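Okay, so here's the structure we're looking at.
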Amino acid sequence: MSETVIEIANLRFRWSPASEFCLGIPCFAAQAGERIFLYGPSGSGKSTLLGLLGGVLVPEEGRINLLGTELTQLRSSSRDRFRADHVGFLFQQFNLVPYLSVIDNVLLSCRFSARRTARATASGGSLHDEARRLLAHLDLEESLHRREVTRLSVGQQQRVAAARALIGSPEIVIADEPTSSLDAERQEAFLTLLSGECAATGSTLLFVSHDRRLAAGFDRELSLASISHTAVNEAA
Amino acid sequence: MSSLLFLAARSAWNRRLTLGMTLISVALSVTLLLAVERVRHEARASFAQSVAGTDLVVGARSSPVQLMLYAVFRLGEATNNIRWPSYRAIADNPAVAWAIPLSLGDSHHGFPVIGTSPAYFEHFHYGDSQALAFSAGKPFADLFDAVLGAEVAERLGYHVGDRIVLNHGMGEVSLAEHTDKPFTVVGILARTGTPLDRSVHIGLQAMEAIHLDWQGGAPLPGLAIPAEYVRKFDLTPKEITAVLVGLKSRAAVFKVQRQINAYAAEPLLAVLPGVALDQLWQVVAMAERTLLAVSAMVVAVGLCGLVAVVLASLGERRRELAILRSVGARPLEVFLLLSAEGLFITALGALLGLALLTLLTAVLGPLAQAHFGLAIRATWISSDELILLAAVVGIGLIASLLPGYRAYRLSLADGLMPRL
Ligand SMILES: Nc1ncnc2c1ncn2[C@@H]1O[C@H](COP(=O)(O)OP(=O)(O)OP(=O)(O)O)[C@@H](O)[C@H]1O
Ligand SMILES: [Mg+2]
């Protein structure tokens with residue numbers, strides 16, 4: 001468990017040359033299979049960090065190394081491919097494409113990645129079987145698979161989104177406050193399912209929230225302020 | 001790529017009502033555009049097919065276009081006639097090979113009646129210089145014989161041997177009828193696709209005979225000459241309407257034209273059919289261009305509506321685009337996804353418009369043929385129409401790039417977090 005999956009060094013990012021630095025991370029690393037809880041107040045730059053890790057944003061200085069690949073050295077289209085192949089994303093809400101079925105929403109990750117398609121097929125026998133298997137693991141019964149996604153409850157929608165983030169076993173799963181629209185009891189259950197699935201596939205989980213009460217059960221608990229040194233975070 | 005098509009199709013299906021209406025508006029505008037172009041094209045073709053091998057058309061002095069319209073296309077009426085001696089002078093000109101006299105003015109159930117000579121069936125040509133052919137019977141020989149155009153026979157259900165009564169003057173409903181002198185159908189011409197199909201042909205002497213006891217627009221009171229006796233009169237016509245002239249050598253055409261135009265006894269006009277047709281097109285071209293421009297505007301309106309609809313959908317699709325980005329879609333793919341929608345609808349609209357036009361020509365073509373003698377064939381697409389269609393799709397493609405580009409910009413700015 002010593003393989004480094006995420007490595008950040010001397011990273012600095014700001015939204016525009018005129019504004020102050022939003023993030024300044026001298027050094028951060030996450031090991032394979034680790035489950036990390038990252039918290040920070042609203043507006044501290046958590047989502048911004050995830051955008052950088054996803055390769056959608058580019059740091060002004062420093063490097064981001066994922067799975068031995070220098071993200072900052074890649075062209076933007078290669079970063080997009082890399083994200084498709086190795087990173088599963090999960091957001092706060094509205095995670096689903098309204099015109100796709102439950103299964104097609106789950107399989108969306110595989111549509112842009114041959115690698116994840118291959119891995120999902122290898123694991124489940126076929127793509128659809130793997131999607132159904134994951135959904136079943138996440139406590140979504142078969143009868144819900146055929147329902148329009150817009151007619152699922154928010155909790156059910158988040159579990160479909162989790163299945164999409166997990167299918168094809170990406171090495172890194174990044175969750176940006178996926179539980180904030182759930183009640184306490186369901187938050188708990190959802191977290192258990194999510195970290196259980198990550199453990200099963202050996203994925204590294206980076207879970208971001210402003211709510212420290214959710215931290216129980218994670219391998220490591222970090223505040224953004226402790227890794228990012230900027231004027232904004234110093235003040236916070 | 002196939003994923004993008006899949007997503008584009010599912011997304012479009014999700015908004016099928018709005019997109020469907022847009023599709024219909026594009027299709028209808030394309031139908032209009034193609035219909036204008038096709039009618040224009042077919043009208044020209046049909047006019048150009050109407051006469052061949054005739055070197056000069058001669059009538060009383062008026063405008064060349066007007067002369068062509070009444071003498072060849074049977075549209076409108078002559079304001080003046082030519083006196084018989086003038087016809088004789090033209091026919092006797094040493095350069096002239098043949099001269100077909102035409103006498104117009106009467107009708108039969110709205111179809112024009114032409115008084116002419118048997119030379120008509122021998123010398124008149126149409127299309128690419130095709131001679132007239134009989135589908136039944138033979139040219140008129142006896143005084144009260146009539147030869148029908150194909151359309152006349154078909155619409156009125158006439159056969160060789162039937163007896164018909166002509167009307168005085170033009171018009172579907174005519175009060176005055178030549179009931180006392182019925183004609184016998186002796187021949188029916190094969191279809192030509194020209195105004196000839198709508199004509200009833202009788203001999204010049206017959207034309208003279210049915211008008212012996214007429215003056216102006218009505219029978220002379222108390223002077224009814226029975227059909228048996230008319231043969232005793234001199235039936236040489238006093239006036240005719242126009243003459244179709246064929247020359248021994250085409251080289252002489254301008255010389256003969258000058259001679260006829262300078263004829264001293266009566267003001268005459270001789271025109272070359274090709275030249276007169278060109279003049280006609282110049283008159284019509286302005287109207288054609290206006291029509292084409294208006295229908296092009298209608299297409300532009302349709303495409304604007306399409307772009308507006310796709311752009312409007314973008315607002316509610318921002319979250320969806322962020323999700324697609326998070327699973328690895330490139331901004332370029334987002335661009336394609338949105339552009340494909342507009343392009344697909346334009347292309348489908350163009351095809352649908354073409355299908356609708358084909359349906360319309362199949363249904364309305366016979367009507368246009370019957371009422372205007374305008375043969376609009378349900379042909380497959382012409383190269384001009386293909387160019388118009390390609391232009392529509394091309395402009396649709398360019399227009400579709402706008403929502404695509406906007407989505408591209410949005411997805412770059414939004415990244416994984418759609419902003420409201
Ligand atoms: N697209 C953007 N352009 C400019 N500034 C931005 C943009 N997105 C975020 N910011 C700014 O960057 C800072 C960090 O925002 P970010 O969304 O990362 O916060 P966060 O920690 O995720 O907050 P929350 O817990 O509310 O989601 C904020 O001050 C925000 O105003
Ligand atoms: Mg955030």
Side-chain angles (χ1 to χ4, degrees), chain A residues 15 46-58 75-101 104-117 148-150 157 160-161 164-165 167-168 170 174-177, chain B residues 1-20 309-310 312-338 340-341 344-345 403-405 407-420:
Chain A
W15 281 100
K46 303 183 297 295
S47 297
T48 307
L49 176 61
L50 302 190
L52 285 159
L53 288 172
V56 172
L57 300 175
V58 191
R75 287 177 29 230
S76 81
S77 65
S78 310
R79 289 199 303 271
D80 290 331
R81 245 343 130 235
F82 187 88
R83 176 172 69 251
D85 284 343
H86 303 287
V87 188
F89 271 98
L90 194 53
F91 300 107
Q92 185 172 349
Q93 54 182 351
F94 309 121
N95 266 301
L96 303 182
V97 177
Y99 53 80
L100 294 181
S101 69
D104 279 327
N105 260 290
V106 174
L107 293 180
L108 202 56
S109 301
C110 296
R111 291 204 169 268
F112 291 89
S113 167
R115 185 174 188 269
R116 284 176 73 174
T117 304
E148 269 179 59
V149 294
T150 45
Q157 289 184 11
V160 175
R164 183 180 63 219
I167 196 165
I174 293 179
D176 192 353
E177 311 199 50
Chain B
M1 204 62 206
S2 67
S3 322
L4 280 184
L5 281 180
F6 169 81
L7 289 174
R10 296 302 288 271
S11 161
W13 181 247
N14 192 236
R15 288 169 292 125
R16 55 191 173 276
L17 193 63
T18 348
L19 290 183
V309 161
V310 180
S313 75
L314 212 56
E316 58 197 67
R317 294 183 72 184
R318 265 175 101 164
R319 283 199 201 103
E320 169 196 331
L321 297 182
I323 296 167
L324 293 181
R325 286 282 279 144
S326 80
V327 295
R330 302 172 195 175
L332 182 68
E333 288 170 322
V334 169
F335 173 83
L336 289 177
L337 187 68
L338 269 287
E341 191 162 280
F344 178 70
I345 299 229
Y405 179 70
Y408 174 84
R409 300 290 313 176
L410 279 179
S411 72
L412 271 188
D414 287 0
L416 306 177
M417 301 165 275
R419 257 145 277 269
L420 298 172

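Sequence lines set the chain letters: A, B, ... in the order given, protein chains first and strands last, and positions in each chain run from 1. Just so it is clear, the structure is predicted and the values come from calculations on it, not from any experiment.
- The closest side-chain heavy-atom distance from A:Val97 to B:Ser11 is not below 4.5 Å.
- No more than 12 heavy atoms of other residues, nucleotides or ligands sit less than 6.0 Å from atom CZ of B:Arg409.
- Heavy atoms of A:Ser113 lying under 4.5 Å from chain B are absent altogether.
- The distance from atom CG of A:Asp80 to atom CZ of B:Arg325, rounded to the nearest 0.5 Å, is 4.5 Å.
- Other residues, nucleotides and ligands contribute over 12 non-hydrogen atoms within 6.0 Å of the CZ atom of A:Phe82.
- Closest approach of A:Phe112 to B:Ala329, counting heavy atoms only: CE2-CB, 3.5 Å.
- The contact between B:Leu7 and chain A is made by backbone and side chain atoms together, counting heavy-atom distances below 4.5 Å.
- Heavy-atom distances place no part of A:Asp176 under 4.5 Å from chain B, backbone and side chain included.
- Looking at A:Phe89, the atoms closer than 4.5 Å to chain B (heavy atoms on both sides) all sit in the side chain, from C-beta outward.
- Proximity to chain B is absent for every atom of A:Ile174, based on heavy atoms less than 4.5 angstrom apart.
- With a 4.5 Å cut-off on non-hydrogen atoms, A:Arg164 touches chain B through its side chain but not through its backbone.
- Contact count versus chain B (heavy atoms, under 4.5 Å) is highest, among A:Ala84, A:Gly55, A:Pro98, for A:Ala84.
- When side chains are defined from C-beta on, A:Leu108 counts as touching B:Ile323, because their heavy atoms get closer than 4.5 Å.
- Within the 3.5 Å criterion, the main-chain N or O of B:Val327 finds no donor-acceptor partner in the side chain of A:Arg111.
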